[in-house]
Amino acid sequence: MSAVLTVKDLGISFGSNHVLKSINFELNENEVLGVIGPNGAGKTVMLNILTGILKPTKGTISFQGKEISHEGVTERCRGGIGRTFQVPRPFEQMTVFENIMVGGVFGAGMSEAEAKQKALEVADVIKLDDKLDLFAGKLGLLDRKRLEIGRALATEPKILLLDEVGGGLTESEVGLIINLVKEIKSQGVSVIWIEHIIRTMLEGTDRVMLLADGVDVITGAPLDVMNSSEVKKVYMGGGDDE
Amino acid sequence: MSLLEVKDIDVHYGDFLALRDVSLNVEPGTIVSLIGANGAGKSTIMNTICGLNKPSKGEIIFDGQNISGKKPHQIAKAGLSMAPEGSHCFESMTVQDNLLMGAYMAKGPERMERLEGVYKLFPILKEKAKQQSTYLSGGQRQMLAIGRGIMTQPKILLCDEISLGLAPVVINDIYDKLKEIAATGLTMLIVEQNVTRSLQASDYAYVVLEGKIVMEGKSSELNEDEVNDAYFGINSFA
Amino acid sequence: GSSSSSSSTNEGGSSSSSGDTITVGVVYPQTGALAAFGAGTEEMYGYAVDEINEAGGIEVDGTTKKIQLVYADSESDPTKASEAANNLIKSKNVDIMLTAKTADTTVPVAAACERAGVLCLSVDTPDEAWATSDYQYSYHAGFNTENELNSFKDAWDAAGISGGKVGVMHATDTEGQTMINAISEFCEANGYEAVDPGAYNSGDTDYTSIINSLKAEGCDAVVGVMLTSDFGTFYSQLKSSGYMPKVTTVAKATLFKEDVDAAGADGLADGLCSEVWWTTSHPYVSSITGETCEELGAKWMELTGDEYAPATCGYDYANVEILYNVLKNAGSLNLDKLTAACDELSVDTVIGKVDFNEQHYSVQPLVTGQWIYNDDGSWTQEIIANTQVPDCPTTAELKVTK
Amino acid sequence: MKKSKLIVLIVILVVLFAVIPAAGSPNLLNILTLMCLYLAMSQMWNLLGGYAGMLSLGMQAFIGIGGYTLTILSVRYGMNIFLSIIIGAVICALFGLAVSPAIFKMSGVYFAIGTWIVAEALNVFFSNWKFVDYAKDWSINTVFGMNGKQLYITALIMAVLATFVVFFLLRTKIGLALMAIRDSASAAETMGVEIYKTKLKCYVIACFMMGLIGGAQYMQTAYINPSTGFSINWTIAMTFAVIIGGLGTMEGPIVGSILYVIITQIMYNYPGMSNIVLGIIAIVVIMIAPQGIMGTLYAKTGFQILSPRRSIPKRETAKE
Amino acid sequence: MAQCIITGILLGGLYSMIGIGMSLVFGIMKLTNLAHGDLMILGTYITLVITRALGCNLIISTIISVIVMCILGFVIQQFLVNKVMDKGEAPALLVTFGLSIFLSNLMLKIFSADNQAINNSLSVKNVVSTENVSISASYLTSFIIAVVIIVGLTLVMQKTNFGRSIRATSDDPMAAELMGVNTKTAFAAAMVICMGITAVAGTLVGSTFTFYPSSGTQYLIIAFGVVVIGGMGSLFGTLIGGIVLGVAQLLGGFVFGSGVQMLIAYIVLLVIQALRPNGLFATSAMRK
Ligand SMILES: Nc1ncnc2c1ncn2[C@@H]1O[C@H](COP(=O)(O)OP(=O)(O)OP(=O)(O)O)[C@@H](O)[C@H]1O
Ligand SMILES: Nc1ncnc2c1ncn2[C@@H]1O[C@H](COP(=O)(O)OP(=O)(O)OP(=O)(O)O)[C@@H](O)[C@H]1O
Ligand SMILES: [Mg+2]
Ligand SMILES: [Mg+2]
């Protein structure tokens with residue numbers, strides 16, 4: 001397996017707050033990498049760095065063998081990095097259909113006609129095909145999260161960065177999201193998935209990484225990581241397991 | 001006598017009927033939880049109780065007083081406080097000022113006492129006391145919102161999506177602490193997505209499905225699978 | 001109808017004085033910053049026109065017609081003035097347009113009339129400000145910078161500062177530019193030295209750097225053409241700077257008593273000199289009825305309830321006088337005949353002889369006034385020099401400011 | 001189909017407006033000219049304020065530049081008036097491009113104020129600029145020869161052009177990007193939307209059109225000085241028309257400017273009341289219909305003639 | 001040169017007085033009050049009318065004007081702005097736009113277009129007068145009042161429960177309600193304070209410069225400039241913004257001539273805005 005994304009010694013500080021000290025990891029082709037960590041560990045910050053919204057203070061990011069640290073947000077998106085936001089940010093006054101189209105037209109550089117077809121395909125994947133003409137502002141939480149994913153998919157990403165897409169969903173809905181991610185993976189997309197729900201880590205990911213104290217503490221097979229003492233100590237609390 | 005009594009309320013969003021004939025009771029000193037799928041109407045119930053929505057039918061009695069139709073700040077003054085869904089921090093203010101806002105209705109020295117209490121519950125907030133709340137992470141905001149709710153020292157505290165975005169360690173912590181606080185007499189109405197945890201933490205539970213209460217009972221007596229069936233009902237996709 | 005005038009209207013045939021009236025449009029500022037100029041306008045124009053109508057009207061194109069006035073508000077805004085003029089021309093089908101009260105009104109109205117091919121008669125704007133274009137159908141009676149400066153020079157002479165330095169307050173607008181362009185030559189010719197402290201923009205709130213220059217140069221007199229608001233702000237800052245010229249002569253700012261009052265607190269503008277276009281003591285008579293200026297002034301006070309008749313009284317009346325004489329001489333509403341009558345016009349009016357030159361304007365004389373703040377808080381405008389209208393009596397000697 | 005209906009409607013409108021000058025009185029013609037000019041301006045203002053999220057209080061800058069270019073080139077240098085206004089429009093576009101690095105750093109109110117300050121600065125600059133004879137009052141005597149019909153046709157062309165520019169812009173990618181940026185700039189950016197470039201394109205196009213319209217406006221006014229050319233009143237009129245018509249709708253500026261001209265025409269008979277009444281109307285409209293007449297109509301009934309919405313293609317074709 | 005800098009700083013004090021009300025209204029209600037200039041001139045007229053009608057002392061008439069304006073502020077907030085606040089930013093902005101047109105023209109109708117000045121002895125006095133430097137009494141007074149008000153207001157906003165409640169309301173009205181804050185009243189209180197200060201600013205402007213009903217626009221730009229340089233919502237920024245604008249104007253006039261003094265001030269403003277798009281001291285509430 002070859003790495004699509006290689007992160008080396010990534011660090012960022014806000015003033016004297018060294019949020020990320022040194023992050024190192026690889027994301028392999030066609031892999032779902034789960035990321036867990038205590039609140040405020042810097043998971044969202046890391047995602048913001050990968051998409052170019054924040055500038056790191058140090059470190060390198062190479063995507064498909066190319067160093068991309070200097071690239072801007074839109075450039076990276078077009079290059080194949082898609083993402084969702086922890087708090088969904090749909091284009092509220094546009095329809096679901098148009099929301100997805102935006103991804104196709106600008107992220108994947110399609111013509112409008114192509115983007116329309118793409119939007120229909122994506123809508124099937126994210127199960128929003130019956131709500132295409134609704135204004136996105138009217139969607140409920142689950143649908144907003146789905147739309148977040150759908151828009152990112154429409155940009156035809158090589159890697160997809162998910163930030164707590166399962167947060168606030170019920171058990172069964174989490175199951176739906178896990179299936180959705182599996183389907184996305186099956187289309188050849190690699191995924192980084194931040195989530196606080198243990199089940200998603202165990203069922204939905206290929207490897208899990210624990211982020212704490214600004215470093216990647218441990219990375220490995222989901223079950224191993226979740227049962228590791230490090231995770232128990234900083235993340236699960238006590239020794240009692242789920 | 002119940003501390004909070006919701007009697008047969010209907011709530012509309014425009015033409016959409018979000019709640020139908022919802023009734024519930026909260027006894028003093030207990031923790032009551034609402035369980036339901038996304039869009040079932042849990043937040044709507046919470047918001048209606050604290051005055052953000054107006055019921056089109058029915059009434060809400062709090063502490064012997066009819067509060068339906070009152071403004072949120074009047075209801076807050078009566079001793080009912082809520083940590084809303086999506087945390088809603090005062091972005092431009094420091095973490096400490098955010099918490100102090102919770103004690104808006106309290107006297108000076110008392111405020112500081114409560115503040116210490118909250119800091120004990122969420123040490124990270126003390127660390128960040130002088131920082132602006134905009135820079136908090138998702139989970140830290142959630143803690144701030146709960147802390148702020150506790151600062152009001154209400155007769156009853158409503159928490160919507162109490163564990164959203166929190167690391168398991170923090171969630172366990174919160175539930176432990178909530179039990180402690182409840183033991184001192186605080187009454188709570190919470191919304192929690194995780195059924196297991198919800199039933200563990202509460203004394204009594206209501207299951208909401210499409211704007212109606214479809215099941216209720218003592219948490220210890222409710223069967224988890226039945227609850228699951230009740231609120232998935234029609235709502236399963238797979 | 002008077003189809004004759006339509007021959008030269010671009011719009012093609014819509015002239016329409018129905019039957020026996022001649023429709024005359026009047027655009028002036030009823031509201032807005034220039035509204036003070038517009039006060040009493042309708043009373044005075046109406047009065048003069050009534051005199052004509054009561055005497056039987058005017059014979060044009062073979063029938064005797066009465067004059068009917070239709071008014072429109074310029075809102076003190078040039079763009080609105082132009083729209084108002086268009087509106088009168090298009091919807092009221094006016095035969096002739098009258099306008100007055102500053103370049104902000106007369107220039108755009110004249111432009112609209114030129115475009116539509118309607119005769120436009122205007123008064124009371126400085127000639128240079130008005131005459132920036134080659135007009136075909138517009139004629140104007142006012143005064144020019146040279147007259148203005150001459151009337152001011154009388155004040156300087158009276159202050160005994162011959163050969164002294166004169167600071168020039170000028171905005172970037174047409175009138176300010178005209179003054180600064182003319183002043184050096186004028187001063188040189190009359191033995192004064194002009195000091196240019198730089199232009200200001202109308203509406204500026206602070207004059208520190210200008211006042212500093214005036215102070216540094218030690219000017220004996222200040223001359224300028226300023227808006228009332230600009231003047232008031234400038235003058236109070238001048239006073240608080242601890243420096244004061246012996247005499248200040250400012251055009252435009254203090255034509256009315258309300259203006260001097262507004263210029264500043266507690267008689268701030270006491271001793272200020274200004275040009276005076278017209279007074280009730282002017283030795284002229286109406287070419288319509290032979291009334292004296294004194295009588296016109298009394299009429300003004302009766303009609304408006306004002307306590308005094310300002311210069312606009314005479315100029316308003318004069319505008320109708322010009323209209324009357326042009327119509328009478330032309331005997332027609334045909335535009336060519338009307339312009340020919342204007343070109344040949346030479347008539348004594350209440351503002352002196354009106355005789356349009358090649359550039360379609362006629363220069364009227366001015367006298368020099370000084371505002372005196374009385375102990376009871378009222379204002380008197382004394383006439384301190386009358387070189388241009390010797391028969392208009394002076395009322396006081398110049399008072400030097402300290 | 002929908003599209004053909006639209007085309008028929010537009011053709012009818014254009015023909016109607018084109019026929020009126022033959023039949024109508026000069027007064028009607030004058031009113032229609034004003035309507036067309038205000039319509040064109042407010043259409044452009046709406047493109048920026050309503051669609052691109054660039055609420056500007058400085059559009060008068062371009063009216064002024066357009067007017068002045070017409071004046072200087074035609075009056076002083078004897079250039080053809082139409083060529084002059086086109087050059088004016090080009091200058092406006094260049095000027096817009098030149099100031100964009102500075103004002104595009106600002107957003108929201110800061111942008112609104114920044115653009116106003118630019119216009120005010122231009123006012124002061126022109127007042128102190130020898131080349132335009134400082135703040136001299138210019139009579140634009142080169143346009144005296146134009147009659148009502150010619151003015152009307154020019155204005156009509158402006159109105160139609162402005163409407164079509166907005167319509168086609170919104171039908172292109174730019175329209176999609178604008179809507180996305182308006183709703184969430186950060187999300188749009190991560191979808192690959194180039195915010196700066198998109199906004200800049202709109203801005204420069206609007207500047208160009210405003211310059212053109214400014215020139216056409218001054219063919220009508222035939223008089224200019226800095227304080228009228230760069231007067232905030234231009235923007236007030238546009239804003240008013242868009243507010244009562246409906247911000248962010250394509251029909252809004254049309255309805256709004258027609259109403260604006262009608263109201264001002266009626267108010268000619270009540271000196272000094274015109275703006276008081278306009279102010280009250282603006283307040284009342286916002287209180288009862290915050291989205292303006294067309295915006296509210298759309299929200300209530302879905303009525304829209306010129307829609308920037310993307311239609312969803314039929315399923316069958318999608319799944320083949 | 002020294003004269004220009006000193007006068008510039010003092011003039012800056014007056015400018016920041018003009019800006020405070022606007023900055024507060026924006027900081028608290030996210031509302032750009034386009035009627036700010038006209039409301040201030042209304043305050044000026046009220047002071048003027050009372051001074052003339054009752055012939056009373058300027059301080060007393062200012063107090064009456066402050067009271068009247070506070071009441072007006074309450075009315076405007078309760079019956080106009082509060083009604084549209086929850087419909088988004090644009091409608092509230094546009095209400096003030098309508099109010100601006102309405103007010104300035106109503107004043108024109110009532111007070112006529114004549115220039116006015118508030119009678120007071122300060123405007124022509126100076127405190128210091130030497131060969132090189134003279135300090136105008138009215139400028140100095142404005143400056144001192146501005147500093148006092150800004151310091152006082154900052155303390156109230158930062159340290160008191162009342163101040164916190166207003167800031168909280170400004171950040172998140174819904175959450176503030178849940179804490180027991182009556183947000184409509186908090187907004188009204190804020191507007192009342194702003195209008196009171198604006199009335200004082202109006203009096204100062206009226207006793208320093210001549211004014212007329214449409215002067216509002218001119219001062220709206222200045223208020224904007226001050227607030228934009230300082231950062232919307234920052235009180236201290238308002239003071240600095242005023243001073244920067246005042247000094248830029250005066251030095252610009254000194255170096256390049258009086259005609260372009262405002263041009264220089266505007267250019268300085270634009271440059272600052274381009275470099276610091278949210279002003280020098282923006283409160284981070286502006287971060288989206
Ligand atoms: N712009 C910023 N300025 C200063 N500090 C910041 C900034 N953005 C984030 N932080 C700090 O960085 C830390 C990491 O934040 P981040 O949002 O990445 O956490 P997270 O791992 O996503 O947590 P959660 O699971 O709670 O969402 C937090 O302590 C936060 O306060
Ligand atoms: N402001 C609103 N306007 C219209 N409909 C609304 C509004 N808020 C909620 N709804 C609808 O009311 C229903 C109940 O929503 P509510 O937010 O109470 O659900 P919930 O149980 O809290 O769900 P979640 O777990 O997603 O928070 C949903 O169908 C939702 O779409
Ligand atoms: Mg996060
Ligand atoms: Mg909810």
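Quick caveat, the model's predicted, so the values are computed rather than measured. Letters go in sequence order (proteins before strands), and every chain restarts at 1.
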J.: Can I get a per-line list of side-chain donor-acceptor pairs under 3.5 Å for residues 217-228 of chain C, giving both atom names and the distance, sequence neighbours left out?
T.:
{"from": "E217(C)", "atom 1": "OE1", "to": "K165(C)", "atom 2": "NZ", "distance (Å)": "3.1"}
{"from": "D220(C)", "atom 1": "OD2", "to": "K165(C)", "atom 2": "N", "distance (Å)": "2.8"}
{"from": "T228(C)", "atom 1": "OG1", "to": "A253(C)", "atom 2": "O", "distance (Å)": "2.8"}

J.: Quick check for you: among T7(E), N105(E), L14(E), which has the greatest number of heavy-atom pairs under 4.5 Å with chain C?
T.: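 With the most close heavy-atom pairs to chain C, the winner is T7(E).
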J.: Are the ring centres of W278(C) and Y315(C) closer than 6.0 Å?
T.: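 Between W278(C) and Y315(C), the centre distance exceeds or equals 6.0 Å.
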J.: Please name all residues satisfying ring-ring contact (aromatic ring centres under 6.0 Å, His included) with F209(E), sequence neighbours left out, ordered by chain then number.
T.: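 Residues passing ring-ring contact (aromatic ring centres under 6.0 Å, His included) with F209(E): none at all.
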J.: Using non-hydrogen atoms only, which part of F211(E) is less than 4.5 Å away from chain C: side chain, backbone, both, or neither?
T.: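 For F211(E), no heavy atom lies under 4.5 Å from chain C.
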J.: Picking from G232(C), S76(C), A199(C), which has the most non-hydrogen pairs under 4.5 angstrom with chain E?
T.: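 Ranked by contacts with chain E, first place is A199(C).
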J.: Go through G203(C), A216(C), G242(C) and name the one with the most non-hydrogen pairs under 4.5 angstrom from chain E.
T.: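 When all of G203(C), A216(C), G242(C) are compared, G203(C) has the most.
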J.: What part of S134(E) gets closer than 4.5 Å to chain C, counting heavy atoms only: side chain, backbone, both or neither?
T.: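 Contact with chain C: side chain only.
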J.: A quick test of your reading: do over 12 heavy atoms of other residues, nucleotides or ligands sit less than 6.0 Å from NZ of K215(C)?
T.: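 It does: K215(C) NZ has more than 12 such atoms within range.
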J.: Side chain, backbone, both or neither: which part of S214(E) has a non-hydrogen atom closer than 4.5 Å to chain C?
T.: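 Neither part, no heavy atoms under 4.5 Å.
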J.: Give, as side chain, backbone, both or neither, the part of Y219(E) having an atom under 4.5 angstrom from any heavy atom of chain C.
T.: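 Contact with chain C: side chain only.
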J.: Keeping the roles fixed (side chain from T238(E), backbone from I20(E)), state whether a donor-acceptor pair exists under 3.5 Å.
T.: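 No: the side chain of T238(E) does not pair with the backbone of I20(E).
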J.: Check the side chains of T254(C) and D259(C) for a donor-acceptor pair under 3.5 angstrom, ignoring hydrogens and angles.
T.: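 Looking only at side-chain atoms, T254(C) and D259(C) do not form any donor-acceptor pair under 3.5 Å.
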